[in-house]
Enquirer: 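My questions all concern the structure below.
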Amino acid sequence: SDQLRTPQGTLSDPECLSAFEPFQESVYRPHDPTGIHSQIVQSSGEAHRVVEAVAKFPSAEKARAFVESSEGKWRACANKTVTFGGPSKS
């Protein structure tokens, strides 16, 4: 995929969104990425999933700012169990 994603459901700890699901619009948009690409590989039955992703930023400074703002959030979510709820049907 070559676009940012909007939430597909809810996460029990929204602060862990960037560690749980790459390329969420709310996480990346403030850092003005100029290009993105991601690929998802999942097992049959969707029990296991791997997301591989890359982002291009307009400058090294913008890229560094993204990493620095994400690092603390990723650390805070290390070894934390979060649950994901699919989209609600209304």
Side-chain angles (χ1 to χ4, degrees):
S1 173
D2 292 324
Q3 61 187 10
L4 295 173
R5 295 169 48 97
T6 56
Q8 305 297 306
T10 57
L11 199 60
S12 60
D13 186 345
E15 291 297 314
C16 293
L17 182 62
S18 64
F20 178 80
E21 183 72 45
F23 286 128
Q24 288 295 309
E25 188 167 21
S26 63
V27 174
Y28 280 79
R29 182 67 61 208
H31 300 280
D32 302 321
T34 58
I36 62 160
H37 184 73
S38 64
Q39 177 178 340
I40 300 172
V41 178
Q42 51 194 66
S43 64
S44 61
E46 300 184 10
H48 300 94
R49 179 176 75 144
V50 174
V51 179
E52 184 177 60
V54 63
K56 180 180 178 184
F57 295 94
S59 66
E61 291 78 20
K62 287 272 190 180
R64 190 174 304 106
F66 171 76
V67 170
E68 289 172 356
S69 77
S70 299
E71 182 182 19
K73 293 175 186 170
W74 295 341
R75 275 189 208 281
C77 293
N79 300 310
K80 184 182 272 190
T81 300
V82 294
T83 57
F84 177 76
S88 61
K89 296 181 172 119
S90 46

Enquirer: Just how far is it from atom CD of E52 to atom NE2 of H37, taken to the nearest 0.5 Å?
Expert: 8.0 Å
Enquirer: So which atom in V82 and which in F20 form the shortest heavy-atom distance, rounded to 0.1 Å?
Expert: CG2-CD1, 4.1 Å
Enquirer: What's the separation between atom NZ in K56 and atom CG in D32, rounded to the nearest 0.5 Å?
Expert: 14.0 Å
Enquirer: Stepwise, does the side chain to side chain contact (heavy atoms under 4.5 Å, CB included) test hold for S26 with L17?
Expert: CA-CA 9 Å; S26 63; L17 182 62; 3.7 Å; yes
Enquirer: Specify the closest pair of heavy atoms between K73 and E15, including all atoms of both residues, with the distance to one decimal.
Expert: CB-O, 4.1 Å
Enquirer: Show the nearest heavy-atom pair for residues Y28 and A55, with the distance to one decimal.
Expert: CE2-CB, 4.0 Å
Enquirer: So which heavy atom on H31 is nearest to which on A65, and how close?
Expert: CE1-O, 3.9 Å
Enquirer: In the single-linkage hydrophobic clustering (I, L, V, M, F, W, Y; side-chain heavy atoms under 4.5 Å), do V51 and L11 co-cluster?
Expert: no
Enquirer: So which atom in P33 and which in L4 form the shortest heavy-atom distance, rounded to 0.1 Å?
Expert: CG-CD1, 4.4 Å
Enquirer: Going from CZ on F84 to CG on D13, what distance comes out if it is rounded to the nearest 0.5 angstrom?
Expert: 14.0 Å
Enquirer: Which atom names give the shortest non-hydrogen contact between S18 and W74, and what distance separates them?
Expert: OG-NE1, 3.1 Å
Enquirer: Is there a path of hydrophobic side-chain contacts, each under 4.5 Å between heavy atoms of I, L, V, M, F, W or Y residues, that connects F23 with V67?
Expert: yes
Enquirer: Check whether any side-chain N or O of S69 sits under 3.5 Å from a backbone N or O of F66 as a donor-acceptor pair, and report yes or no.
Expert: yes
